[in-house]
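Data first, discussion second: the structure below is written as structure tokens.
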Amino acid sequence: MTRTPFAPDRFWFGGDYNPEQWPREVWAQDVELMQRAGVNTATIGVFSWALLEPEEGRYDLGWLDDVVELLHAGGIGVVLATPTASPPPWFTAAHPDALPVLADGTRLWHGSRDTYCVCAPAYREASRSIARVLAERYGDHPALRAWHVHNEYGTYCWCDHVAAAFRVWLEDRYGTLDALNAAWWTTFWSQHYESWEQVVPPRATQYLHNPTQSVDFRRFFSDEMLDAYREQRAEIRAAGSSAPITTNFMLPTWNHLEQWSWSAELDVPSVDHYLDTTGPDGEAHVAYGSDLTRSWADGGPWLLMEQSMSSISTGGRITFKDPARAVRNSLGYVARGAQSSLFFQWRASAGGSEAWHGAMVPHAGADSATFRAVCELGSVLDSIAEVTRPPADGRLTSSEIAVWWHAEGWWALENRSLPSDHLTYPDAVRSVHRAAWHAGLEVDFTRPGADLSDYRVLLVPSMFALDDAAVRSLEEFVAGGGHVVVWPFSGIADENLHVVTGGYPGRLRDLVGLRVEHLAPLAADESVVLDDGSTGTVWSELVQPDDATVLRRYRGGDLDGSPAVTRAARGTGTVTYVSTHLDLTATRALLEDVAAAAGVAPVVADRPASVEVVRRRGAEHDYLFVLNHGERAACVTGPGVDLVAGGRTDDGVTVAAGGYLVLREDEDATWDVTTTG
Ligand code: GLA
């Protein structure tokens, strides 16, 4: 697919705007406040289907025309959504077969959002129609910045429409029933299929599901939702609209889409990101979401479609987000490639299911610390507009460390028939990324099997199943002098989730230079100690080195004295194997050690722990973002220009506690970052 160019010359600032919830006099106030805050982008129509098409085939676009014209007259661009995440009541009444069905057979009712089955023909047809109508009406409107197709694809269904589509997908993947039976290992538990009609989605069943069937269902559903996206995209293009098209992924908890194949079909990947903790780890979480999305964007710019200005979701409770943090975190996304700072939502709803979600204009109104922070952010984004211009090679960082990421890795570890429920893919990946973040090392994520020539270090956290292409690329990377770190339960199985026998990790045994004979996963409250005093949780195993050297041993317990961390020399490269979930300090030290051996340095050496420093590459200059997450002021000294306050930084500038700096760097600048006070 040829991507429509995406090259805004300023940061998109604004968010989801739902004027239909308010009387028209509020609309005029909204535009006035948006202008005051420097908002330049409003995402409209995300959940407007019932008002845009009040009955089948009867459209009422007059109010949306007025909104678009009002925004346009106010100098505010529009990201126009197709509203297909929430079909209207008439649709449900006419097509009850298009309501989603849970794995246990319960058919859901209308009354929330996302009450549709993506495989239902009536839903697909209705989605194409509303996309076509909107594209014909607004496709060449000068206010249109981009299309936002749907919202957070990810609604599963287990109905008969889904079963039929699943069979078609399986026939395409396997060709024959024999191949399917072999891949699904159906000789076990009398699951052998004699006809395609016998195959069903992994619906609620008596005991454990077939793991390959479950992962295939996730693969299928991602592909099916991608088809639905493509259909809407085709309608938009057929109507002649040339604006960039995207759909918003959801992080961190959703894993319904295989983001690499999806991103290849988007003009620009976009993501909704909500912090999962109020604590300092939330700062590392900003980096995680950003590094992932930039990687899905091939290292280039991406859109932060939603975040929250003033709240953090913490297990059934909303916690107020400090306005200074909201600004700092927004710059954290930008530092790592975001081309926007967009929020859910502009004005806090007074009713409905999300009235208590944070907003740019809170219930208190514009006379609030939150809105003042919105204005500050708008002004900062304006001051740093030059940062948006990408370098000629399109790569916004110079990371030489890659982390393997794949949705299938996550899906594979969700099976409940594995040796431990405590080993989760998000935790495995997050712990590695978090350690790199603390070490100040830049990382990208990359797809197993993809070209690794930009990298010197590859990190492989718990990637259970590997196909031939992935194994080959790993071998070639190491043969070329690359340094690899492998965490437990990686390379155990092939792409059908079949264990490669003869000792774990069967697919990587020669590369890691060892053989694991038996696994010893730990209980939730158990830990192991290594001979350097570091601790491991979640996992342990009996490692028998072949030609790998032992770096650390287990101390005490059943594995006393046996190897815990090993390293195999491979030409000029190395392969380090970590057999447990090491604590943060030990993981960080390990990464620093491997990075140093590979000649990879952090962005700034010896910076205070609470000060994050990120470099974003630009067209003519590089830019340094300094984010002070700590409670003490910091001082930054080096050759550059402070883009926000103005003036040179050679003699040092202060970053207040909780504050930030954005600097245009002189060529080959080096920086000194310390805390003061
Ligand atoms: C998601 C949705 C929004 C809103 C926010 C906040 O990201 O896209 O519509 O529901 O979450 O909960």
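Both counts, for ligands and for their atoms, begin at 1 and track the order of listing. What's counted below: heavy atoms across the whole structure, side chains too, no hydrogens, waters or symmetry copies.
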Flag for S241-W147: side-chain donor and acceptor within less than 3.5 Å: yes
Check: N151 N/O within less than 3.5 Å of ligand 1 N/O: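 There is such a contact, yes.
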Specify the protein heavy atom at minimum distance from [atom]: its residue, its atom name, and the distance to 0.1 Å.
| atom | value |
| --- | --- |
| atom 3 (C) of ligand 1 | E306 OE1, 3.3 Å |
| atom 7 (O) of ligand 1 | E152 OE2, 2.4 Å |
| atom 10 (O) of ligand 1 | E354 OE1, 2.6 Å |
| atom 6 (C) of ligand 1 | H357 NE2, 3.2 Å |

Set of side chain to side chain contact (heavy atoms under 4.5 Å, CB included) partners for D65, sequence neighbours left out: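 Per chain and number, D65 pairs via side chain to side chain contact (heavy atoms under 4.5 Å, CB included) with L61, R137, Y138.
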Qualifying residues under side chain to side chain contact (heavy atoms under 4.5 Å, CB included), relative to T277, sequence neighbours excluded: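 Partners of T277 under the side chain to side chain contact (heavy atoms under 4.5 Å, CB included) test: D281.
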Heavy-atom pair of closest approach, residues T4 and D267: N-OD1, 2.8 Å
Region of M305 engaging ligand 1 - heavy atom pairs below 4.0 Å: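 Neither part.
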H150/Y116 aromatic ring centres below 6.0 Å: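 Aromatic pair counts; centres sit under 6.0 Å.
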Close approach, R113 and ligand 1, non-hydrogen under 4.0 angstrom: yes
Where ligand 1 meets F47 - atom numbers and elements under 4.0 angstrom, heavy-atom basis: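 That gives atoms 9 (O) of ligand 1.
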Ring-face cation of R430 near Y288 (centre distance under 6.0 Å, axis angle within 45°): yes
